[in-house]
Amino acid sequence: MRILLYRGDGVVEPWVREFAAVMPEAEAIAWKEGEVLAPCDYAVLWNPAPALLEQLTHVKAIFLMGAGVDALLKFGETLPAVPLIRLGDAGMGVQMAEYVAHAVLRYFRRFDEYEQQARHGAWNPLPLYPKEEFTIGVMGLGKLGMPVVDAMRLFGFPVRGWSRTPKDLPGVECYFGMEGLDDFLHGTRVLVCMLPLTQETANLLDRHKLGKLQPGAYLINVSRGAIVAEPDLMALIRSGHIAGATLDVFRHEPLPAPHPFWNEPRINITPHISALTMRHEAVRQIADKIDALENGEPVGDLVDRNLGY
Ligand code: NAP
Ligand code: GLV
């Protein structure tokens with residue numbers, strides 16, 4: 001069996017080594033722009049080059065080295081008509097829970113304000129926020145949204161969730177569909193965006209939707225930047241309606257130097273690191289899925305091209 005490995009950032013050798021260790025019976029090969037691709041059984045990709053996709057017509061399935069599929073689905077009809085399979089958690093869920101817990105606690109325990117105070121040598125204990133008024137609203141209740149929900153419940157926050165299809169989750173107020181969105185936003189103090197970027201979610205969080213949040217609300221975006229209308233968020237932060245945002249993802253990455261977010265102290269920026277792909281976990285998961293496919297068994301995390309996730 002031959003497995004093609006490709007990453008747009010060129011860092012493919014560690015993946016070749018990991019596949020050799022986990023699937024010694026398979027031959028893992030890399031491809032470079034301009035080369036003619038040898039016939040392969042499977043492809044494992046991240047940010048593929050268009051010239052590579054043209055040559056992938058004979059693979060049995062394409063695996064992704066991450067959870068998000070927007071960068072692959074943008075190729076539309078030019079994608080080979082084979083199953084597309086993304087990572088399902090593979091060590092990313094706990095990282096999302098860590099990242100969101102850090103951001104939520106920073107706001108809830110007012111560490112953001114104490115950081116400001118300390119810069120000015122101020123010693124001023126602030127009252128605690130009532131926890132029952134600090135509702136965490138998680139948009140996207142999938143493989144990565146659920147560990148966030150569980151972590152927030154563990155801390156005792158009121159938690160609500162929003163998804164495309166209805167859900168019944170113990171201890172979580174569940175909303176779904178566009179018809180449930182305004183009610184979901186209305187009672188939310190900290191909005192956590194864990195949605196995939198699709199035609200339905202692009203620019204979803206604009207001034208109208210963000211404006212439905214409680215005054216003094218916070219936004220944590222850990223999924224994709226293009227879900228948020230960035231100028232609208234900036235305006236709502238300047239007006240004080242949104243008290244602060246923790247953003248790991250942006251419409252253009254790296255976030256360009258002149259972007260106004262860089263100079264807004266109420267916005268915390270990280271460079272798309274909220275959940276990094278863990279190579280060992282990822283390769284083990286892909287190896288198990290290849291094994292299942294070879295044995296004619298069903299695999300999870302198949303991408304639905306119509307839904308876009
Ligand atoms: P997932 O398991 O596919 O879950 C997606 C969730 O979003 C599901 O609950 C789904 O609803 C919901 N959803 C999708 N479209 C919706 C819509 N139109 N309206 C309402 N809800 C909708 O995905 P995941 O593995 O949790 O990953 C989520 C995203 O995280 C990825 O797509 C990726 O963009 C991002 N991500 C970011 C990083 C980072 O480091 N920043 C790392 C990994 C992933 P249903 O349950 O009803 O289907
Ligand atoms: C990272 O952003 C991923 O989608 O895995």
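Bear in mind that the values here come from a model prediction, so they are computed numbers and not experimental data. As the structure lists them, so they are numbered: ligands from 1, and atoms in each ligand from 1.
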### Task
Answer yes or no: are there more than 12 heavy-atom neighbours, outside R251 itself, under 6.0 Å from its atom CZ?
yes
### Query
Given side chains that start at C-beta, do those of L73 and V303 come closer than 4.5 Å, heavy atoms only?
yes
## Note on the structure
Paired with V149, the side chain to side chain contact (heavy atoms under 4.5 Å, CB included) test is passed by just one of I136, L141, V100, namely L141
### Task
Compile the protein residues with any heavy atom at a distance under 4.0 Å from an atom of ligand 2; present them by chain, then by number.
W46, G66, A67, G68, M92, R224, H272
### Summary
The ring-ring contact (aromatic ring centres under 6.0 Å, His included) partners of W46 (sequence neighbours excluded) come to none
What does the contact table look like for ligand 1 (nitrogen or oxygen on each side, cut-off under 3.5 Å)?
{"from": "ligand 1", "atom 1": "2 (O)", "to": "R86", "atom 2": "NH2", "distance (Å)": "2.8"}
{"from": "ligand 1", "atom 1": "2 (O)", "to": "K143", "atom 2": "N", "distance (Å)": "2.9"}
{"from": "ligand 1", "atom 1": "3 (O)", "to": "R86", "atom 2": "NH2", "distance (Å)": "3.4"}
{"from": "ligand 1", "atom 1": "9 (O)", "to": "L141", "atom 2": "N", "distance (Å)": "2.9"}
{"from": "ligand 1", "atom 1": "9 (O)", "to": "G142", "atom 2": "N", "distance (Å)": "3.3"}
{"from": "ligand 1", "atom 1": "11 (O)", "to": "R164", "atom 2": "N", "distance (Å)": "3.2"}
{"from": "ligand 1", "atom 1": "18 (N)", "to": "E200", "atom 2": "OE1", "distance (Å)": "2.9"}
{"from": "ligand 1", "atom 1": "21 (N)", "to": "R164", "atom 2": "N", "distance (Å)": "2.9"}
{"from": "ligand 1", "atom 1": "25 (O)", "to": "R86", "atom 2": "NH1", "distance (Å)": "2.8"}
{"from": "ligand 1", "atom 1": "25 (O)", "to": "R86", "atom 2": "NH2", "distance (Å)": "3.4"}
{"from": "ligand 1", "atom 1": "26 (O)", "to": "K143", "atom 2": "N", "distance (Å)": "3.3"}
{"from": "ligand 1", "atom 1": "26 (O)", "to": "L144", "atom 2": "N", "distance (Å)": "2.8"}
{"from": "ligand 1", "atom 1": "34 (O)", "to": "R224", "atom 2": "NH1", "distance (Å)": "3.2"}
{"from": "ligand 1", "atom 1": "40 (O)", "to": "S274", "atom 2": "OG", "distance (Å)": "3.3"}
{"from": "ligand 1", "atom 1": "40 (O)", "to": "A275", "atom 2": "N", "distance (Å)": "3.1"}
{"from": "ligand 1", "atom 1": "40 (O)", "to": "A275", "atom 2": "O", "distance (Å)": "3.1"}
{"from": "ligand 1", "atom 1": "41 (N)", "to": "V222", "atom 2": "O", "distance (Å)": "2.9"}
{"from": "ligand 1", "atom 1": "41 (N)", "to": "D248", "atom 2": "OD2", "distance (Å)": "3.1"}
{"from": "ligand 1", "atom 1": "41 (N)", "to": "S274", "atom 2": "OG", "distance (Å)": "3.0"}
{"from": "ligand 1", "atom 1": "46 (O)", "to": "K167", "atom 2": "NZ", "distance (Å)": "2.7"}
{"from": "ligand 1", "atom 1": "47 (O)", "to": "R164", "atom 2": "N", "distance (Å)": "3.2"}
{"from": "ligand 1", "atom 1": "47 (O)", "to": "T165", "atom 2": "N", "distance (Å)": "2.7"}
{"from": "ligand 1", "atom 1": "47 (O)", "to": "T165", "atom 2": "OG1", "distance (Å)": "2.5"}
{"from": "ligand 1", "atom 1": "48 (O)", "to": "Y309", "atom 2": "OH", "distance (Å)": "2.5"}

## Note on the structure
Which of F134, Y218, F155 passes ring pair (Phe, Tyr, Trp, His ring centres under 6.0 Å) with F108? It is F134
### Message
Taking side-chain hydrogen bond (donor to acceptor under 3.5 Å, both in side chains) as the definition, give me every residue that meets it alongside Y42, ordered by chain and number, with sequence neighbours left out.
### Response
E294
#### Entry: D248 and S274: side chain donor to acceptor below 3.5 Å
yes
### Message
Check this for me: K209, atom NZ, are more than 12 non-hydrogen atoms of other residues, nucleotides or ligands nearer than 6.0 Å?
### Response
yes
### Task
Give a yes/no verdict on a cation-pi contact between K131 and F157, requiring under 6.0 Å between NZ or CZ and the six-membered ring centre and an angle within 45° of the axis.
yes
